[in-house]
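Read the structure below first, then the notes.
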Amino acid sequence: MLYFCRIMETNYLDELNNSQRDAVLYCDGPSLVIAGAGSGKTRVLTYKIAYLLEQGYKPYNILALTFTNKAAREMKERIARQVGSQAAQMLWMGTFHSVFSRILRTQASHIGFTSNFTIYDSSDSKSLIRSILKEMKLDEKVYKPGMIQGRISKAKNHLILPEAYAANRGLNEEDGVLKIPEMRNIYQRYWERCKQSDVMDFDDLLVNTFLLFDRHPEILALYQQQFQYVLVDEYQDTNYAQHAIILQLTKTNQRVCVVGDDAQSIYSFRGADIDNILSFSKIYPDTKLFKLEQNYRSTQSIVSAANSLIEKNSRQIKKVVFSEKTEGEMIAVAGAYSDLEEGEIIMNRIASLRRERGYEFSDFAILYRTNAQSRIFEEALRKRGYPYRIYGGLSFYQRKEVKDVIAYFRLVVNPNDEEAFKRIINYPARGIGDTTLGKIISIATEERVSLWKVLCEPLTYGLNINKGTHAKLQTFRELMESFMMDATRTNAYDMGLDIVKRSGIMNEICQDSTPENLSRKENIEALVSGMNDFYMQRTEEGNKAVFLTDFLSEVSLLTDQDDDGGADESKITLMTIHASKGLEFKNVFVVGLEENLFPSGMSGDSPRAMEEERRLFYVAITRAEEHCFLSFAKMRSRYGKMEYAVPSRFLKDIDPELIRMPGESAMRKRVSEKTVHPKMERMTTRMAPTMKPMMNRESGVKTEKPKNIDKIDSGSCQTSNVMLAVGQTVLHDRFGRGEVLKVEGDGDNAKASISFENVGVKQLLLRFARLKIIG
DNA sequence: CCGATACGCATTTTT
DNA sequence: TGCGTATCGG
């Protein structure tokens with residue numbers, strides 16, 4: 001096995017500056033590498049791993065943890081280039097969640113799970129919380145699912161289990177203030193339900209890893225021995241649980257290196273605790289501190305301005321970031337009269353920079369505090385025909401159709417998966433409605449068994465349903481059971497294809513070719529072809545058997561935002577500042593620098609929150625390589641209302657020598673020139689060409705008229721008991737003429753699939769649909 | 001099941 | 001304002 005000696009007499013150490021090299025070479029004890037923005041952090045991490053391999057560490061003895069799949073992937077690729085892909089492959093490198101889930105699957109039996117446990121994403125867990133609230137008869141208006149979820153997550157991030165939660169006076173008092181005294185019982189139930197369903201949420205992957213190590217010293221010893229050296233990226237973003245696990249693993253041998261930048265800690269709302277990095281040296285008293293202070297990304301002007309800003313924060317590790325690039329231009333501030341004008345100003349800047357300096361569209365990024373701000377820029381860009389790309393939509397795996405298919409996979413692999421069960425029991429529609437599902441749920445809750453168990457043995461549990469429903473349930477059960485049988489011998493890809501076909505999902509989606517369905521179909525095809533890639537790759541890697549469960553355990557942790565859709569075309573980037581962390585652009589516009597927006601009004605008077613907002617601003621500025629523009633508007637439309645805005649206090653935090661504020665005279669001139677109220681202006685430009693008032697009146701008539709017709713119709717001709725036959729042509733007063741494709745159910749539940757000429761296939765409940773048979 | 005309508009609500013979101 | 005969800009009527 002020659003992983004490490006294949007490095008060509010590297011001179012990679014020569015490619016590092018002094019502090020980078022020091023950080024790479026020090027491996028005798030704990031080290032903390034403070035990596036300023038753009039200081040070559042990834043380079044240090046990858047070279048350090050290469051160096052460790054060179055020093056004789058085996059790849060499987062190195063654990064490297066990141067926060068995103070993207071970071072892990074990129075680092076793996078770079079290391080593969082250094083030391084060969086075989087060695088890189090064997091490194092334990094991945095996100096906290098993926099590495100821990102791998103460990104948990106191997107050790108599942110020790111903590112009362114199976115190795116096939118499912119991972120709930122946050123919408124699954126919210127949905128579980130909803131069911132629990134319903135069962136406990138708690139009002140969702142008071143017990144807001146989002147807030148419950150947040151509190152459970154926070155507890156888990158601090159390794160507080162339900163018992164400890166219930167016993168914690170502070171938390172109980174908080175819950176009292178929040179008027180949610182049942183919180184502790186919800187948490188308890190949530191915990192039990194997850195265990196019963198063989199399910200973990202994202203936070204559980206951390207909590208359970210901690211518990212595994214905590215309760216089983218012999219297992220901990222195993223992993224302590226395995227992981228001879230532990231590296232952590234973006235350490236400023238770790239939460240308490242992550243910190244605690246790292247400590248478990250490294251307390252004895254102290255071979256740990258964490259890399260991060262306290263100045264870029266912007267995820268406290270997700271549980272990240274900046275104290276982890278600030279007090280690392282206290283936890284590991286022999287820590288050697290390295291500071292990477294040379295910035296290779298930005299001009300001196302940008303770096304100095306960013307420094308002068310972050311200086312205003314009190315909680316930080318002192319460092320002097322510097323740049324040896326050209327001085328460059330000063331950061332310029334622009335004040336706009338309105339949010340619309342802010343958009344225009346930026347468009348003009350883009351135009352002139354392109355014209356005068358020949359920048360491409362992809363050299364520009366517009367960064368904002370909140371997603372809602374994107375719209376104005378979108379419209380401005382569209383108006384000019386500039387290509388752009390907005391980051392932050394629904395990721396592939398969050399799309400309904402993809403989640404549906406994956407829910408089938410999940411139930412096949414883990415029949416106790418409650419959320420998957422609920423999702424597909426009647427999808428595609430098979431006549432198992434809410435009533436039946438409700439009965440199953442209440443029995444399952446009472447008997448403390450899974451929904452699947454009740455479905456399989458309806459008689460044992462006294463499920464009170466009629467014969468027809470019983471038959472439908474058993475058909476579903478048989479379908480799933482046949483999948484389950486196949487899944488242990490058929491490979492993941494074939495299994496996926498089979499499920500998509502036999503579940504009826506493909507049929508459902510291929511019935512008509514509306515653009516939505518077409519895109520759904522494409523997404524499902526993409527998922528299945530992804531399964532093929534997965535299967536091929538795993539096979540090439542020497543895995544004899546690649547099953548659905550293998551695919552699923554991987555896919556549950558992918559939320560890849562970073563599909564470079566249309567990367568070939570040069571586009572302007574629009575994203576939140578949070579999303580921009582780690583990226584860089586030649587020209588950056590940081591917009592909406594107004595009180596109550598940036599800093600967010602939510603930060604209130606909390607100094608900690610305010611410092612985080614300032615760090616966020618720091619992150620924004622340090623994305624820029626060559627030009628950085630800041631802007632604010634004096635007036636902004638918010639929730640439909642125009643509001644006056646005050647320039648952000650952060651503008652005063654930057655050394656005035658390093659920043660070009662808008663000329664006071666120019667401002668006044670602009671204000672007095674524009675006499676039209678911005679809102680009026682917007683209304684007139686928008687409404688004039690479309691004749692909105694006319695449209696409104698027209699549609700008002702339209703909606704009224706059918707209503708009257710409906711009333712007359714339903715009174716005069718009841719069609720509910722007319723038997724429809726497949727092949728008949730019918731007339732529907734809204735959908736028009738159509739052909740009956742399928743009739744199912746009886747009595748009140750009878751429903752038909754009808755293919756309408758104009759609107760495609762619809763499923764109609766005959767009880768309600770007023771159909772006239774015309775052929 | 002489908003679509004209209006009403007209501008509440010509203011940072012940021014690596015897994 | 002504009003979105004996502006709950007509710008209701010056909």
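Chain identifiers are assigned alphabetically (A, B, ...) following the order of the sequence lines, protein sequences preceding nucleic acid strands; residue numbering begins at 1 within each chain.
Between the C1' atom of C:dA6 and the CG atom of A:D139 lies a distance of 13 Å, rounded to the nearest Å. Rounded to an integer number of Å, the gap from A:I129 CD1 to C:dT5 C1' is 17 Å. Computed from coordinates, the A:R270 CZ to B:dT14 P distance equals 6 Å when rounded to whole Å. The CZ-C1' distance, from A:F96 to B:dT13, rounds to 17 Å in whole Å. For the pair A:N239 CG and B:dT13 P, the computed distance is 18 Å after rounding to whole Å. Protein atom NE2 of A:H97 is 17 Å distant from nucleotide atom P of B:dT13, rounded to whole Å. Rounded to an integer number of Å, the gap from A:Q373 CD to C:dG2 C1' is 16 Å. Whole-Å rounding puts the A:L340 CG to C:dT1 P distance at 14 Å.
Heavy-atom distances to DNA chain B give each of A:F202 and A:A429 a nearest nucleotide, and the one nearer the 5′ end belongs to A:A429.
Salt-bridge annotation for A:K403 and A:D124: present, with a side-chain N of the basic residue lying under 4.0 Å from a carboxylate O of the acidic one.
Using C1' as the reference atom, C:dC3 and B:dT14 are 25 Å apart when rounded to the nearest Å. When the P atom is used for both B:dT13 and C:dG4, the distance is 15 Å, rounded to whole Å.
Defined by atom type and a distance below 3.5 Å, a donor-acceptor pair is missing between the side-chain atoms of A:K472 and A:T436.
Checked against ring-ring contact (aromatic ring centres under 6.0 Å, His included), A:H158 has no partners two or more places apart in sequence or in another chain. Among residues two or more places apart in sequence or in another chain, the salt bridge (Lys or Arg N to Asp or Glu O under 4.0 Å) test is passed with A:E234 by A:K41, A:K581.
Residue A:R375 places at least one side-chain N or O closer than 4.0 Å to OP1 or OP2 of C:dG2.
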Residue pair A:R130, A:K134: steps toward the side chain to side chain contact (heavy atoms under 4.5 Å, CB included) verdict: CA-CA 6 Å; A:R130 284 217 167 92; A:K134 205 176 268 173; over 6 Å; no
Worked verdict on A:I180 versus A:M147 for side chain to side chain contact (heavy atoms under 4.5 Å, CB included): CA-CA 10 Å; A:I180 49 171; A:M147 132 152 288; 4.2 Å; yes
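Under the 6.0 Å cut-off for aromatic ring centres, A:Y235 and A:H243 do not qualify, their centroids lying 6.0 Å or more apart.
In B:dT12 the base sits anti relative to the sugar, since the glycosidic angle is further than 90° from 0.
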Scan nucleotides 10-12 of chain B against the protein and return all N/O pairs shorter than 3.5 Å with their distances rounded to 0.1 Å.
from, atom 1, to, atom 2, distance (Å)
B:dT12, OP1, A:N371, N, 2.8
B:dT12, OP1, A:N371, OD1, 3.2
B:dT12, O4', A:R369, NH2, 3.1
B:dT12, O2, A:R369, NH2, 2.4

